[in-house]
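These notes are about the structure you will find just below.
Just so it is clear, the model here is predicted, and its values are computed rather than measured.
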Amino acid sequence: MINPLRGMKDLMFEDSQRFMHIIQTAQKVAKRYGYSYIETPILEETALFKRSVGDSSDIVSKEMYQFEDKGGNDVCMRPEGTAGVVRAFISAKLDRQPMKQKFYYYGPMFRYERPQKGRLREFHQFGCESFGEASVYEDLTLIMMVSQIFKELGIGFDLLINSLGCPACMPPYKERLVEYLTNIKEELCEDCNRRIGTNPIRVLDCKNEKCQTLLSDSPKLIENLCESCDSDFKKLTALLDDAGIAYTVDTNLVRGLDYYSKTAFEFVSNEIGAQSAIAGGGRYDKLVEFLDGKPTPAVGFAIGIERIMELVKMPEAPKEGYYMGAMVPEAVEQIVMLANQKRADKKVSVEYNSKGFKSHMKGVDKAQARFAVLIGEDELANGTVWIKDMQTKEEKTIPLDEF
Ligand code: HAM
């Protein structure tokens, strides 16, 4: 028997309904905020992710589904959605137009991580990317949008925010941090030691408790921001206060992708275990330029669909449509024909075997149908159908053409 690959899942029945409910709810909100749908390929040149997510990030250095295709190209299954959308934005020359662009997307992402609860190798994201808007109002708007999506899905959350500075304040901060880390090097874990040389900022979110204690006195970026980053961050926190959105400033929130500058945020839930991040995002003002486009400020987020699946409160599905069946074999064909006519605009489930009344009524229940429609011996002889409204319990027999 062939099973799905480790860390990959099939979705069906109640789960697939939940999945679609999440996508549809998020999509509805995104459209209200002026976002239009974008679909980009799952397979991209590996260089795209190396240059955007970053060579030294865990995602690129350890977790990529990377291979050489039959044409000898170095390709990779996308580990996240932003890089592809930025690539598409530049490919379509939208960076050379003055118009602001807003895109939403959803689909599978691939990371070769160690699977555990809430961590898959194939998972799905719903994401939004906004191009051309440098205002901190846009950062606020995106945070409000994620909050709105979670509100409509009935999900509670905590919001963590931080600023990751810009090319003016990040490099001098990095220097100070490296100096601090070098002094405590011997006591830090192996991963942290490696990162001092490759990506020192990531040391800040090391999960090792001993490292975290050692880092409590480390220089904080938030205290070393340049004037512009500092004023934007203060404005954002003031706006969040005004909007009544609770948040925590987490100076260790650095995100696992290298393209961020200024605002970074994460939505977390304390109801789903260790993998608690249910959405993440932030500003990436330098990425379009970095991928050879014209300088374009941008900000976005992505929600992890699988992580919120168990948190979503599903609305009760109303009984709808018809269940149709025959109680004598001679009426089966008529029922099948009628059902297919009705399907022009109604949901219909049809039983091809002639059965007794009780058995059909079980079928009505299983199909969650609003109406039961049966043809028995009498109905067949008289050219009628028997119909019962399962909600009002009203029953009647009506001529076929009226039905
Ligand atoms: P990310 O934080 O890497 O950001 O992923 C976003 C969300 O995807 C996470 O908060 C989590 O819910 C979910 N996720 C990540 N990895 C896994 C996994 N292995 N299994 C299940 N769920 C997972 C990004 O990907 C950025 N592209 C977000 C963004 C958009 N930033 C700006 N625009």
Side-chain angles (χ1 to χ4, degrees), residues 49-64 80 82-83 113 134 136 139 159-237 247-266 268 276-277 280-287 289-291 295 297-299:
F49 302 107
K50 285 196 169 171
R51 278 167 64 186
S52 54
V53 178
D55 249 337
S56 61
S57 66
D58 282 356
I59 295 178
V60 169
S61 63
K62 299 187 201 158
E63 299 166 3
M64 297 237 279
E80 58 102 52
T82 309
E113 296 189 78
V136 73
D139 308 29
L159 168 64
L160 310 176
I161 59 167
N162 193 16
S163 174
L164 294 177
C166 69
C169 50
M170 180 50 104
Y173 168 73
K174 245 188 211 169
E175 269 178 40
R176 286 194 59 193
L177 182 65
V178 170
E179 203 179 295
Y180 177 89
L181 297 174
T182 313
N183 284 331
I184 54 168
K185 206 170 157 182
E186 257 80 87
E187 293 162 88
L188 290 170
C189 74
E190 209 178 299
D191 257 358
C192 286
N193 266 283
R194 187 174 45 79
R195 284 180 174 143
I196 296 175
T198 56
N199 199 349
I201 305 294
R202 285 302 314 269
V203 173
L204 295 175
D205 77 346
C206 176
K207 301 287 174 277
N208 185 312
E209 259 178 48
K210 187 176 166 216
C211 294
Q212 272 310 325
T213 318
L214 289 164
L215 289 166
S216 56
D217 288 335
S218 65
K220 305 281 177 268
L221 177 55
I222 211 101
E223 289 154 13
N224 289 274
L225 293 172
C226 64
E227 221 177 288
S228 146
C229 289
D230 188 50
S231 86
D232 273 0
F233 191 66
K234 287 192 172 126
K235 176 123 193 233
L236 178 63
T237 52
Y247 61 90
T248 305
V249 175
D250 179 353
T251 51
N252 287 347
L253 177 73
V254 296
R255 312 275 297 124
L257 310 100
D258 287 354
Y259 49 62
Y260 293 109
S261 53
K262 296 199 168 183
T263 308
F265 56 83
E266 226 159 69
V268 294
S276 59
R283 196 160 262 293
Y284 50 94
D285 287 344
K286 296 291 158 198
L287 185 56
E289 199 177 336
F290 206 63
L291 293 174
V299 52

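A donor-acceptor contact shorter than 3.5 Å is absent between the side chain of Lys286 and the backbone of Tyr284. Side chain of Tyr173 to backbone of Ile222: no donor-acceptor contact under 3.5 angstrom is found. Although no hydrogens or angles enter the test, the distance criterion places a donor-acceptor pair under 3.5 Å between the side chain of Lys210 and the main chain of Glu187. Proximity of a side-chain donor or acceptor of Asn193 to a complementary backbone N or O of Cys189 within less than 3.5 Å is detected.
Taking each heavy atom of Ile59 and Met64 in turn, the nearest pair found is O-CG, 3.1 Å. Summarising the geometry of Pro171 relative to Cys166, their closest heavy-atom pair is CD-O, 3.9 Å, with the distance given to 0.1 Å. Across all their heavy atoms, Val60 and Gly54 have their closest contact at CB-O, 3.1 Å. Taking each heavy atom of Leu253 and Asn162 in turn, the nearest pair found is O-ND2, 2.9 Å. Nearest heavy atom pair, residue Leu291 against residue Arg51, reads CA-NH2, 3.7 Å. Smallest separation of non-hydrogen atoms from Ser57 and Gly256: CB-O, 3.6 Å.
Here the CG atom belonging to Leu181 is positioned 12.0 Å from the CZ atom belonging to Arg195, to the nearest 0.5 angstrom. Interatomic distance, NZ of Lys50 versus OG of Ser56, reported as 12.0 Å (0.5 Å rounding). For the atom pair CG of Leu225 and CG of Leu164, the computed distance is 9.0 Å after rounding to the nearest 0.5 Å. Separating the CG atom in Leu188 from the SG atom in Cys206 is a distance of 8.0 Å, to the nearest 0.5 Å.
The side chain to side chain donor-acceptor pair (under 3.5 Å) analysis of residues 249-263, with sequence neighbours excluded, yields the pairs Glu80-Tyr259, Thr82-Tyr259, Asp139-Thr263, Asn199-Asp258, Gln212-Asn252, Ser228-Lys262, Asp232-Lys262, Arg255-Tyr260, Arg255-Glu266. Residue pairs satisfying the side chain to side chain donor-acceptor pair (under 3.5 Å) criterion with at least one member in residues 217-226, sequence neighbours excluded, are listed as follows: Arg176-Asn224, Ser218-Lys220.
Heavy atoms of other residues, nucleotides or ligands lying less than 6.0 angstrom from CD of Glu179 number 12 at most. The number of heavy-atom neighbours closer than 6.0 Å to OH of Tyr180, taken from other residues, nucleotides and ligands shown, is above 12.
Side-chain atoms of Asp55 and Thr198, non-hydrogen and from C-beta on, never get closer than 4.5 Å to each other. Between Cys192 and Asn208, the closest side-chain pair of non-hydrogen atoms is not below 4.5 Å. Between Tyr247 and Thr237, the closest side-chain pair of non-hydrogen atoms falls below 4.5 Å.
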Verdict with supporting geometry, Leu177 and Met170, side chain to side chain contact (heavy atoms under 4.5 Å, CB included): CA-CA 10 Å; Leu177 182 65; Met170 180 50 104; over 6 Å; no

Trace of the side chain to side chain contact (heavy atoms under 4.5 Å, CB included) decision for Phe265 with Leu159: CA-CA 7 Å; Phe265 56 83; Leu159 168 64; 4.1 Å; yes

